[in-house]
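Below you'll find the structure, written out as structure tokens, and then a few comments.
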Amino acid sequence: MTACENLTALDITGIGGIGSKINSASSADHDGIKVCAVEGTLAPEINFKTLLPQTTWTQRYLQTGCGGLCGSLNIRIGAADGCAPVDNGEFVLASTDMGHKGHGGEFGADPQKRIDFAYHGVHLTALASKALIQAYYGQQPKYSYFTGCSDGGREALMAAQRYPEDFNGIVAGAPAMNFSVQNSFFHAWQAKSNTDSNGHTILHAERLPILHNAVLAACDTLDGQEDGLLTDPRACNFDPMSIVCDDHQAGDTCLSNAEATVAQKFYQGPKDAQTGTALALGGPQYGSELSWPGVYVPRPGKDQLFSKMIVMGAIPYLIYQQNPPQPYDLNSFKFNLASFEEIKPLYGLYSSTNTDLTAFKARGGKLMLWHGWSDQHISPINTIAYYEGVKKFMGEQTEEFLQLYLLPGMYHCAGGEGPNQFDMLSKVMAWVEQGITPSEVVAHQGSNDQGPAAGTPDDGGSMAKSAGSITRSRPAYPYPLIAQYTGQGDANSSDNYQPVQGNEGPKRYRWAGEEFMQPGYMLDCDVRNGQLECRKSQ
């Protein structure tokens, strides 16, 4: 064992290469737990932080993901609301900035930083943290876990697919696994669909309650319960054009033709105009309308769209083999199959859609996927399609190690009209350590629940803590099971729900990237002569 302050002498060049080092190690307080706080750098610029409990460690390691394009060093634990081992300081905790500073995509000018962001940063941080654990405690962790949402969810799946030995249990929320498409075609379509020929936005936040209420009027009771939530939005067939104002209606009860057209485009997602081929895997779902402000619908008094900010950070710097000329103009982006072909060469670098999890399962790994039905940033159809893809490739053994949970009314990573506070980390721990297969996850909603600011980069998995008393709880069951009210007792209590069979996804998702969600598209990349050189992963 090594004293905390002596950890600065630990040699990690064997992990990160020449220039890698421990920058600092000192005693600190983290959420009331005494820890040895260590910060280090893995060459060239992967910064990481590891917190080692001084007296409360129970041989468990937990690494957390980050959101957006990362670029900052924060340890935020999501999907673990009320998890006792977290609250008691039983984990060594760690996270990384993924190899660069700042939330923009300018780091893409450096090919090595592309690799570090894509997959290297999370893996090397796991290796370095485990080396610190060995040095500090004199033993390795018995169990290792990862939890993350959004890009953190992408990182989580990347770990299961590329480095199955790194973690025993993984919780992946709203994963940005379809990175190259999500940060180009999807968000570019959302931004451009809500922009007129003069560059002004068309549909605004104050108009969304009209749309949302119309969706609820048409579809809320399809699940047999009127509660303001759509248990499965895929069953809804609402048409925004049905609430276009006629000559005798007041504008506060209906939408203009232009506004309804924008909403229609949002739901449908990008398509190739000539063939009608979908260029993204799903759009925002019915019932998610109140989550749109700040993303592709501007907030009151503002005209900025976060969707535009996302694509302007990714398309000019990360998506293509050769970056487009600067300054980049989003108006030059084309929604057609030819443009889609141009993102394919580097798709397997950033995206984590490999459905072959054989190695992860063989090591006893357990993976819990989750997604909010009202996610405004990433369509839950992506996660359903990935789950279905794994099941198609791995067959009946899938349920032995993989589950998917869908939460009605939940926004991106946090917040929403539905219950959105839950502890999935404890569930995956019990599955890994005791062989107890999860049968449900209970989500809660507080009287003062506040979701994340939708127009700012998410933090990769932190969940806003419920303030005030719990007003509603609802169970979520492993997909395709859904929660059905028994008709007896308080409808706001999870005790009065039962699992019933829900709808599964189609056997085939028809879109331009259909070939991606299967084995064979993962790329291993190196830098040679200052250039990115990639090959299919073996």
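Reckoned from all heavy atoms, side chains included, excluding hydrogens, waters and symmetry mates.
Donor-acceptor pairing under 3.5 Å is lacking for the side chains of His200 and Thr195. Side chains of Ser537 and Asp524: a donor on one and an acceptor on the other come within 3.5 Å. Residues His204 and Thr201 have side chains that bring a donor and an acceptor to within less than 3.5 angstrom of each other. With hydrogens and angles left out, the side-chain atoms of Gln182 and Tyr350 include no donor and acceptor closer than 3.5 Å. Between the side chains of Asn194 and Gln190, no donor-acceptor pair is found at a separation under 3.5 Å. One side chain, Tyr405 or Gln403, offers a donor N or O that lies under 3.5 Å from an acceptor on the other. Defined by atom type and a distance below 3.5 Å, a donor-acceptor pair is present between the side-chain atoms of Tyr411 and Glu417. The closest side-chain donor-acceptor pair between Tyr347 and Glu515, if any, does not fall under 3.5 angstrom. With no hydrogens or angles considered, a side-chain donor-acceptor pair links Thr50 and Ser129 at under 3.5 Å. A donor-acceptor pair shorter than 3.5 Å cannot be found between the side chains of Ser351 and Thr353. Judged purely by distance below 3.5 Å, without hydrogens or angles, the side chains of Asp272 and Thr275 pair a donor atom with an acceptor atom.
Taking the ring-ring contact (aromatic ring centres under 6.0 Å, His included) definition, one finds that Tyr119 meets it with nothing, sequence neighbours left out.
Under the 30°/60° scheme for interplanar angles, the aromatic rings of Phe335 and Phe333 are found to stand perpendicular. Aromatic ring pairs are classed by plane angle as parallel below 30°, tilted from 30° to 60° and perpendicular above 60°; the pair Trp511 and Phe340 is perpendicular.
Looking at Ile46 and His100, their side chains never come closer than 4.5 Å, going by heavy atoms from C-beta outward. Side-chain contact between Gln285 and Ser379: present, with at least one pair of heavy atoms (C-beta onward) separated by less than 4.5 Å. Residues Ile384 and Glu504 have side chains not in contact (no heavy-atom distance under 4.5 Å, counting atoms from C-beta outward). Side-chain contact check for Trp189 versus Lys192: every heavy-atom pair is 4.5 Å or farther apart. Contact of the Pro284 side chain with the Gln376 side chain is not registered, since no non-hydrogen atoms from C-beta on lie closer than 4.5 Å. A heavy-atom distance below 4.5 Å is not found between the side chains of Asn183 and Val311. Arg299 is listed as a side-chain neighbour of Pro293, based on a closest heavy-atom distance under 4.5 Å. Lys392 places none of its side-chain heavy atoms less than 4.5 Å from the side chain of Thr355.
At least one donor-acceptor pair closer than 3.5 Å links the side chain of Asn382 to the backbone N or O of Leu281. Judged by distance alone, with hydrogens and angles left aside, the side-chain atoms of Gln63 form a donor-acceptor pair with the main-chain N or O of Val122 at under 3.5 Å. Side-chain N or O atoms of His371 include one that pairs as donor or acceptor with a backbone N or O of Ile378 at under 3.5 Å. Not a single donor-acceptor pair under 3.5 Å links the side chain of Ser339 to the backbone N or O of Asn336. A donor-acceptor contact shorter than 3.5 Å links the side chain of Glu388 to the backbone of Gly505. For the pair Gln161 (side chain) and Asp356 (backbone), a donor-acceptor distance under 3.5 Å is absent. Proximity of a side-chain donor or acceptor of His444 to a complementary backbone N or O of Asn420 within less than 3.5 Å is not detected.
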Margin query: Could you walk me through whether Asp151 and Arg154 satisfy the salt bridge (charged side-chain N to carboxylate O under 4.0 Å, His left out) test, starting with their C-alpha distance in whole Å, then the side-chain angles of each, then the deciding distance to 0.1 Å, before giving a yes or no?
Written below: CA-CA 5 Å; Asp151 196 76; Arg154 179 190 71 87; 2.7 Å; yes
Notebook entry, point to check: What's the verdict on side-chain contact (heavy atoms from CB on, under 4.5 Å) for Ile115 and Gln112, showing C-alpha distance, side-chain angles and the deciding distance?
Noted result: CA-CA 5 Å; Ile115 298 171; Gln112 182 59 51; 4.2 Å; yes
Note to self: Walk me through whether Leu349 and Phe179 qualify under side-chain contact (heavy atoms from CB on, under 4.5 Å).
What the structure shows: CA-CA 9 Å; Leu349 169 61; Phe179 181 91; over 6 Å; no
Checklist line | Worked check of side chain to side chain donor-acceptor pair (under 3.5 Å) between His412 and Ser291 | finding: CA-CA 8 Å; His412 184 62; Ser291 72; over 6 Å; no
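By the 6.0 Å contact criterion, CG on Asn529 is open, its count of non-hydrogen atoms from other residues, nucleotides or ligands being 12 or less. Sparse packing is recorded around CZ of Arg510, with 12 or fewer heavy atoms of other residues, nucleotides or ligands lying under 6.0 Å away. Shown here is Lys308, whose NZ atom has no more than 12 heavy atoms of other residues, nucleotides or ligands within 6.0 Å. Under a cut-off of 6.0 angstrom, the local environment of CD in Gln326 is crowded, with over 12 non-hydrogen atoms contributed by other residues, nucleotides or ligands.
The two atoms that bring Cys534 and Leu346 nearest to each other are SG-CD2, 4.2 Å, heavy atoms only. The minimum heavy-atom distance between Gly169 and Val428, with the atom names listed, is CA-CG2, 4.1 Å. The shortest heavy-atom contact between Thr64 and Asn74 is OG1-O, 4.1 Å. Closest non-hydrogen pair, Ala512 versus Thr277, comes out as N-CG2, 3.8 Å. Taking each heavy atom of Ile170 and Ala159 in turn, the nearest pair found is CD1-CB, 4.3 Å. Closest approach of Val244 to Ala260, counting heavy atoms only: CG2-CB, 3.6 Å.
Within the 6.0 Å centre-distance limit, the rings of Phe167 and Phe146 are counted as a close aromatic pair. The ring of Phe306 has its center no closer than 6.0 angstrom to the ring center of His187. Two rings, from Phe266 and Trp292, have their centers less than 6.0 Å apart. Between Tyr267 and Tyr286, a ring centre-to-centre spacing shorter than 6.0 Å is recorded.
Note that CG of Asn257 is 10.0 Å distant from CD of Glu259, once rounded to the nearest 0.5 Å. One distance of note links CG of Leu407 with CG of Asp375; it measures 11.0 Å at 0.5 Å rounding. Expressed to the nearest 0.5 Å, how far CG of Leu532 lies from CG of Leu523 amounts to 9.0 Å. Remark: Leu211 CG to Cys254 SG distance equals 12.0 Å, nearest 0.5 Å. Atom NZ of Lys427 is separated from atom SG of Cys83 by 11.5 Å, given to the nearest 0.5 angstrom. Gln264 contributes atom CD, which lies 11.5 Å from atom CG of Leu255 (distance to the nearest 0.5 angstrom).
Partner of Tyr479 under the ring-ring contact (aromatic ring centres under 6.0 Å, His included) criterion, chosen from Trp370, Trp373, Tyr386, Tyr387: Tyr387. Among the candidates Thr125, Asn23, Thr41, Thr96, the single residue satisfying the side-chain hydrogen bond (donor to acceptor under 3.5 Å, both in side chains) test with Asn47 is Thr41.
Arg114 forms no cation-pi arrangement with Phe107, by the criterion of a distance under 6.0 Å to the ring centre and an angle within 45° of the ring axis.
Between Arg535 and Asp526 a salt bridge is recorded (basic side-chain N to carboxylate O distance below 4.0 Å).
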